[in-house]
Amino acid sequence: MSLEKEKELKECIKEKEREKELYSKECVAECINFAVGTASAENTYLATHERFACYLATILARDKEVVAVRLKVLPNSCDIYLSKNFHWLDKDVKYINEIQNYLKDISKSAPTILKGTESAFTKAVMLYCSAKLESRLEKLKKDIEISNNSEYVNSFIDFFSTKVNDINDGENMYTISQICMEYYKKIKDKSNISSKFLGHIKKVGSYVGSMLGIIECARNIQYKPLFSIIRVFKRNPDIINNQSIYSWKNIIKRFIDENNYKCFMDRCSKKPKVMERWRKVYTNIGTQQQQLDGNDVKQCIYLHAEMNILALIIDDKIKSREFIAVSKRCCYLCELYIDFARRHGYNIIVSGNHKKIYSGWKLLNVKDNTFKIEALRYILENLDRILENKIKYYAKSLQADSDNGENNLDPKNSDSGYLGKYFNQYNEYVNKFTLVEKRVSRK
């Protein structure tokens with residue numbers, strides 16, 4: 001073997017070890033410092049096509065999946081790049097094709113409104129997104145039950161009850177979404193409302209808001225050329241099911257000695273949130289045994305959806321403004337990588353960050369190996385500061401912040417009445433949901 005080849009091999013081994021170190025440290029970081037800071041606000045200064053990408057990200061995310069969308073506007077067509085954390089299923093592909101065809105038909109007939117096509121579009125979205133919407137409704141309902149004596153919850157219940165009495169259908173999940181969208185517009189700028197409660201109202205309302213926004217764009221004759229030729233590119237996921245990582249004890253003892261390790265573990269054991277995440281991250285799915293020590297600790301790692309889109313941008317060296325719409329705000333590690341890319345001239349815009357660290361985050365495999373190595377070093381330096389601070393100076397609660405927000409920007413058209421007619425046609429296809437018990441609105 002030549003000296004040059006031997007040097008390349010050593011560098012490759014060193015890089016793999018650094019990646020293993022990253023995947024190991026993010027596991028520890030999730031357990032002891034899940035929330036690094038306060039979630040950042042959404043970027044509200046978006047062009048029309050960027051808002052449209054946000055609407056698509058919302059209606060393309062099913063169950064607990066995360067979807068990223070990049071929309072490239074060409075002179076007489078539109079390219080849409082899609083990515084999600086895991087594999088595209090046949091039903092995903094079928095749904096995407098249906099949505100694409102509905103939008104083409106709605107745009108082609110504009111300004112004539114195709115009620116049948118719009119109704120079919122609404123039904124498709126309702127069925128595809130119903131499980132995710134129901135889980136968000138459960139969170140909102142829990143908020144209402146916990147804070148049922150608060151002024152802001154009573155204000156929402158009064159608003160909701162009045163609307164339900166007007167439309168006489170308060171158990172249709174998409175009717176509830178419509179009411180939440182309207183209520184959010186009314187109170188979003190008030191500072192006396194719980195941010196968690198407001199966030200859940202916003203998320204529930206995002207479905208109707210996104211459907212309205214998409215239909216409005218498709219109806220606009222100005223965008224006919226864009227909808228006439230739509231090309232959709234689905235990015236393949238990047239998943240490693242059995243990535244070897246260093247154990248919990250190995251990583252912790254890089255920062256403290258044996259005596260302090262025992263003290264550290266004692267303090268961790270008294271923090272329920274830490275122990276809950278600890279068990280989740282380090283439990284072997286097959287054996288259900290804890291993997292805190294030893295040399296055979298495995299993790300499933302995968303490329304986050306927005307990172308998959310970003311890899312395309314970096315590989316093509318696109319340094320003009322690029323907006324990536326994501327159905328869920330970016331995690332802290334994605335935020336770090338985007339920050340690194342910006343430092344190197346890439347103008348990447350996202351809708352916000354939730355400052356949380358998740359194990360299983362995979363580093364991008366970009367063509368420029370020097371860029372990849374420097375990005376890895378940058379992320380590890382930041383993780384090391386977080387871990388050192390938290391491990392050595394463990395002095396505050398690790399309870400995480402509220403759930404992160406998603407992209408749900410308001411459409412310009414406030415008249416959502418026509419969608420209500422579509423919802424009513426498909427009551428039988430969507431689960432009923434009782435958000436609040438009926439009561440007489442207070443005067």
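Values reported hereafter were calculated over all heavy atoms of this structure, with side chains retained and with hydrogens, waters and symmetry mates removed. Throughout, residue positions are numbered sequentially from 1 according to the sequence presented.
- Exactly one of K273, K356, R277, K280 qualifies for a salt bridge (Lys or Arg N to Asp or Glu O under 4.0 Å) with E30. That residue is K280.
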#### Entry: side-chain contact (heavy atoms from CB on, under 4.5 Å) between E335 and D339, intermediate numbers included
CA-CA 6 Å; E335 178 187 354; D339 182 61; 5.5 Å; no
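- Side-chain contact between L387 and N33: absent, with no pair of heavy atoms (C-beta onward) separated by less than 4.5 Å.
- Closest heavy-atom contact between C78 and L226: CB-O, 3.5 Å.
- L89 CG: more than 12 foreign heavy atoms inside a 6.0 Å radius.
- For the pair E21 and R18, the salt-bridge criterion is met [side-chain N within less than 4.0 Å of a carboxylate O].
- For the atom pair CD1 (I99) and CD1 (I59), the distance works out to 4.5 Å, reported to the nearest 0.5 Å.
- Listed for the N382 side chain is a donor-acceptor partner under 3.5 Å among the backbone atoms of Y378.
- In terms of modelled atom types and a separation under 3.5 Å, the side chain of S107 and the main chain of L103 share no donor-acceptor contact.
- G360 and E26 get closest at one heavy-atom pair: N-OE2, 3.0 Å.
- A donor-acceptor contact under 3.5 angstrom links the side chains of E17 and Y246, judged on distance only.
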### Query
K139 and D143: salt bridge (charged side-chain N to carboxylate O under 4.0 Å, His left out), yes or no, with the steps?
CA-CA 6 Å; K139 291 180 180 180; D143 276 352; over 6 Å; no
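- A salt bridge does not link K372 with D368: none of the charged nitrogens is closer than 4.0 Å to a carboxylate oxygen.
- Remark: the Y23 side chain and the E19 side chain contain an N/O donor-acceptor pair separated by less than 3.5 Å.
- Contact detail for T122 and M211: the closest heavy-atom pair is CG2-SD, 4.0 Å.
- The aromatic rings of W361 and H304 sit perpendicular, their planes meeting at an angle over 60°, well past the 30° parallel limit.
- In this structure, the side chains of F159 and E182 come closer than 4.5 Å at one or more pairs of heavy atoms.
- Here the side chain of S244 pairs no donor or acceptor atom with the backbone of K298 at under 3.5 angstrom.
- Between the S327 side chain and the V67 main chain, a donor and an acceptor come within less than 3.5 Å of each other.
- Classification of the Y282-W248 ring pair by plane angle, with boundaries at 30° and 60°, yields perpendicular.
- Between Y358 and F34, the ring-plane angle classifies as perpendicular under the 30° and 60° cut-offs.
- Under the side-chain contact (heavy atoms from CB on, under 4.5 Å) test applied with H354, the options C330, C334, C331 reduce to a single match, C331.
- The backbone N or O of R385 sits nowhere less than 3.5 Å from a side-chain atom of N389 that would complete a donor-acceptor pair.
- Sequence neighbours left out, the pairs with a member in residues 65-74 that pass side-chain hydrogen bond (donor to acceptor under 3.5 Å, both in side chains) are R62-E65, E65-K84, R70-E322.
- In this structure the side chain of Y174 reaches within 4.5 angstrom of the side chain of L133, judged on heavy atoms.
- In the model, Y81 has no side-chain atom that pairs as donor or acceptor with a side-chain atom of N308 under 3.5 Å.
- The pair R321-E50 counts as a salt bridge, with a side-chain nitrogen and a carboxylate oxygen less than 4.0 angstrom apart.
- Note on ring orientation: taking the six-membered ring where Trp is involved, the planes of Y346 and F371 are perpendicular (angle over 60°, cut-offs 30° and 60°).
- The backbone N or O of F197 lies less than 3.5 Å from a partner atom in the side chain of S194, making a donor-acceptor pair.
- From N85, atom CG reaches atom NZ of K328 across 9.0 Å, with rounding to the nearest 0.5 Å.
- Separating the CE atom in M181 from the CD1 atom in I201 is a distance of 12.5 Å, to the nearest 0.5 Å.
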### Task
Step by step, work out the side-chain contact (heavy atoms from CB on, under 4.5 Å) result for L303 and L364.
CA-CA 7 Å; L303 191 61; L364 291 69; 4.0 Å; yes
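- A donor-acceptor contact shorter than 3.5 Å links the side chain of S206 to the backbone of K203.
- Not one N or O on the side chain of W88 forms a donor-acceptor pair closer than 3.5 Å with the backbone of P237.
- In this structure, K108 contributes its side chain and S228 its backbone to no donor-acceptor pair below 3.5 Å.
- For N250 and R254, the side-chain atoms include at least one donor-acceptor pair closer than 3.5 Å.
- The structure places CG of L56 at 5.0 Å from CD1 of I214, a figure rounded to the nearest 0.5 Å.
- Ring centers of Y183 and F160: at least 6.0 Å apart, outside the cut-off.
- How far CD1 of I379 is from CG of D384: 12.0 Å, rounded to the nearest 0.5 Å.
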### Task
Start with the C-alpha gap between C129 and Y207, add the side-chain angles, then the distance that decides, and say whether side-chain contact (heavy atoms from CB on, under 4.5 Å) holds.
CA-CA 8 Å; C129 299; Y207 291 91; 3.7 Å; yes
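- In K319, the NZ atom is crowded: over 12 heavy atoms of neighbouring residues, nucleotides or ligands sit closer than 6.0 Å.
- Using a 4.5 Å heavy-atom cutoff, the side chains of L383 and V28 are not in contact.
- Closest of all the heavy-atom pairs between I106 and E118 is CD1-CG, 3.8 Å.
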### Message
Please determine whether side-chain contact (heavy atoms from CB on, under 4.5 Å) holds for the pair M173 and S130, giving the CA-CA distance in whole Å, both sets of side-chain angles, and the decisive distance to 0.1 Å.
### Response
CA-CA 8 Å; M173 290 197 296; S130 60; 3.9 Å; yes
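- K163 contributes no side-chain N or O that, together with a main-chain N or O of I176, makes up a donor-acceptor pair within less than 3.5 Å.
- Using a 4.5 Å heavy-atom threshold, the side chains of V125 and Y102 count as separate.
- For D316, the side-chain contact (heavy atoms from CB on, under 4.5 Å) partners at least two apart in sequence or on another chain are L312, I318.
- A 6.0 Å sphere centred on NZ of K64 holds no more than 12 heavy atoms belonging to other residues, nucleotides or ligands.
- Atom NZ of K390 sits about 7.5 Å away from atom CD1 of I32, to the nearest 0.5 Å.
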